[in-house]
Amino acid sequence: MIHWQVIIPLVVFLVLIFGIGIWANRQVMQSNSFLQEYFLGGREMGGFLLAMTMMATYGSAGSFIGGPGVAYNTGLGWVLLAMAQLPAGYFVLMILGKKFAIIARKYQAITLIDFLRERYQSKTVVIVSAVSIILFLFASMAAQWIGGARLIESLTGLNYSAALFIFAGAVLIYVIIGGFRAVALTDAVQGSVMVIGTIILLVATVIAGGGISNIMSDLVAENPNLVSPYGADRSLTPLYVSTFWILIGIGVIGLPQIAVRAMSYKNSKGMHSAIIIGTIALATVMFGMHLIGVLARPVLPGVEIGDKVMPLLTLKVLPPYLAGIVLAAPMAAIMSTVNALLILVSSTVVKDIYLNYIKPTASDAQIKKASFYVTTVIGIAVVLVALRPPDLLIWLNLFAFGGLESVFLWPIIFGLYWKTGNKYGAIASMIIGITSYIYIDQIMPSVLGMHTVTLPIILSLVAFVVVSLLTKDKVNTGKSII
Amino acid sequence: MNDKRFKIAHREAIIGVILVIINFSIWFGFAYGMGSGDPSSYTYVLGFPAWFFYSCIAGTIFMVILIVFVIKFLFTEVPFDDEESEHK
């Protein structure tokens, strides 16, 4: 079934996004420092842009499609879990904060790996970082793309492959031609759409359910555990919930796509307002979308596939034109995550591998060409993988989250704040982080009732500190600027 | 190298850690402190179970207010480029 009235607002949204891409492309072509412009938007973001691009990059298919679906089946406990994400709005910018901005400028770093390379002076650190960024972000891009295509599939009645090509084509074009500036500007539009869409749908759902009290008593009548912090089947134990906090609350510092944004802003004033705007926007979206999932249960009972809760609910409680606007929100969330990942993976290949090790003497024209080509090839490769997708969207997503955090969290933090931390510590931390993460994920996912990511983060912390102290005399930190 | 901007940066990073600890205590404390009883005997605030209202709604609003306060009064603006900035 095709809902034309729903599709029109979506098309308008896409056209707007394209316009931004084309405008950004003109900036890219005029810039005298192509790399800095294409991969970092010329380091000029102000507060609103910075806040929105962080929130939009962080908020993904999981927050708009997967998350509400799980909340529908789990109850208020899942909203509680989702609110662990609140620190992502302020903690990253406060911790990386000014120090990262100052040092990134001193090093003239354009990518996160630039910073790690200058700080640790180690080829191994660069290679391990590059490989984990490419692998993990490739996987999460594919997951996002699958989510996007499924959404278009369910809204338009097109088949999955056609939906995937439309969606991927839309994102690829503006990212390839516009670079980071297009990504950040479209993120601002997409972030705003996410916030507005969430508020509209939340209000409409509460009204459709006859008010909060009414909905809550329906939930209690069905299963009282739906309104408890333990979740419908009482599986959300305090230990699990508190360790989950590490993954989605504070470990976010270790996500390269987030960290790179902490070096792209113009001045400290921008950063200050970004912390406030970002926290409010993130809180609204995370709280709103997950609560919507719970409230949907009495309003729209009996939905069997979690991922369909949000689209079906929207079509049920809103008039068609408004539904189109609200359904642009998950599209925006997916696009804004994919575009950030795509430009990051591309910068890793072009700047960190090609320019460092393959062709350090490349001319500006060659770099330009390589950047456009690499971005295109990666984008198309992800589409091909997504054509025959593996099933579990959230799992893929969280696997990438946890893996990247185990690799990058401590090398970034100690790289900034601990002079004695050195390359041996960083290498040990990265390798132990990633291997223990994969091992624990495969062998005993929730060891002792904790979230999978907990132990790898502790182990990589220990590895970093112990190895750095043991090799203290081997590395000269005398002229370090930390 | 002793950059005096780093002193400000370090102080603000510590403030970030304190905020996140406060955030965690409110969020986790209210949720499992008030919500661990029998779900059918919960008290309700504005339609929501009390644990949920304090942990996820009031707690979040409190954090936002606290963050605004901290940014306005405790954070300092610093220039990012070096004083002897030779590049653009």
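Lettering follows sequence order; numbering is per chain, from 1.
Interface residue A:Arg234: only side-chain heavy atoms are found under 4.5 Å from chain B. For a residue to count as touching a neighbouring chain, one of its non-hydrogen atoms must lie under 4.5 Å from one of that chain's; by this rule B:Phe28 touches chain A with the side chain only. In this structure, the portions of A:Ala84 lying under 4.5 Å from any heavy atom of chain B include both its backbone and its side chain. Only the side chain of A:Val220 has a heavy atom closer than 4.5 Å to any heavy atom of chain B. Neither the backbone nor the side chain of A:Thr284 comes within less than 4.5 Å of any heavy atom of chain B. Using a 4.5 Å cut-off between heavy atoms, B:Tyr42 contacts chain A through its side chain alone, with no backbone atom that close. Interface residue A:Leu236: backbone and side-chain heavy atoms are both found under 4.5 Å from chain B. Interface residue B:Val64: only side-chain heavy atoms are found under 4.5 Å from chain A. Contacts of A:Leu291 with chain B are made by side-chain atoms alone, with heavy-atom separations under 4.5 Å and no backbone atom involved.
Top candidate by heavy-atom pairs under 4.5 Å with chain A, chosen from B:Ile61, B:Val70, B:Thr76, is B:Thr76. In terms of non-hydrogen atom pairs under 4.5 Å with chain B, the most contact-rich of A:His272, A:Lys269, A:Lys266, A:Met271 is A:His272. Heavy-atom pairs under 4.5 Å with chain B peak, among A:Leu96, A:Asn214, A:Ile95, A:Leu76, at A:Leu76. Counting heavy-atom pairs closer than 4.5 Å to chain A, the top-ranked of the candidates B:Asn23, B:Val68, B:Thr60 is B:Asn23. Ranked by heavy-atom pairs under 4.5 Å with chain A, the list B:Met34, B:Glu12, B:Lys72 is led by B:Glu12. In terms of heavy-atom pairs under 4.5 Å with chain B, the best-connected choice from A:Pro87, A:Gly77, A:Ser242 is A:Ser242. Of the listed residues (A:Ser273, A:Ala82, A:Ser217, A:Ser228), the one with the most heavy-atom contacts under 4.5 Å to chain B is A:Ser228. Ranked by heavy-atom pairs shorter than 4.5 Å toward chain A, the options B:Ala9, B:Gly59, B:Ala13 are led by B:Ala13. The greatest number of non-hydrogen atom pairs below 4.5 Å with chain A, out of B:Ser36, B:Ser55, B:Ser40, is found for B:Ser36. Top candidate by heavy-atom pairs under 4.5 Å with chain B, chosen from A:Phe287, A:Trp245, A:Phe91, is A:Trp245.
Without hydrogens or angle criteria, B:Trp51 side chain to B:Cys56 main chain gives no donor-acceptor distance under 3.5 Å. The main-chain N or O of A:Leu416 is never found under 3.5 Å from a side-chain atom of A:Arg119 such that the two would form a donor-acceptor pair. Side-chain atoms of A:Ser268 come within 3.5 Å of backbone atoms of B:Val78 as a donor-acceptor pair (strictly under, hydrogens ignored). With hydrogens and angles ignored, the 3.5 Å screen pairs no side-chain donor or acceptor of A:Arg261 with any backbone N or O of A:Leu50. Judged purely by atom type and a 3.5 angstrom limit, A:Asn267 uses its side chain to pair as donor or acceptor with the backbone of A:Gly270. At distances below 3.5 Å, at least one donor-acceptor pair connects side-chain atoms of B:Trp27 with backbone N or O atoms of A:Leu80. In this structure, the side chain of A:Tyr265 does not engage the main chain of A:Ala101 through any donor-acceptor pair within 3.5 Å.
Nearest heavy atoms, A:Ser264 versus A:Leu40: CB-CD1, 3.9 Å.
In this structure, the separation between CD1 on A:Ile275 and CD1 on A:Ile280 is 12.0 Å, given to the nearest 0.5 Å. Taken from CZ in A:Arg43 to CE in A:Met263, the straight-line distance is 5.5 Å, to the nearest 0.5 Å.
Taking 4.5 Å as the limit, every side-chain heavy atom of A:Pro229 sits out of range of all side-chain heavy atoms of B:Phe52.
By the neighbour-count criterion of 12 heavy atoms within 6.0 Å, atom OH of B:Tyr54 is sparsely surrounded, having that number or fewer from other residues, nucleotides or ligands.
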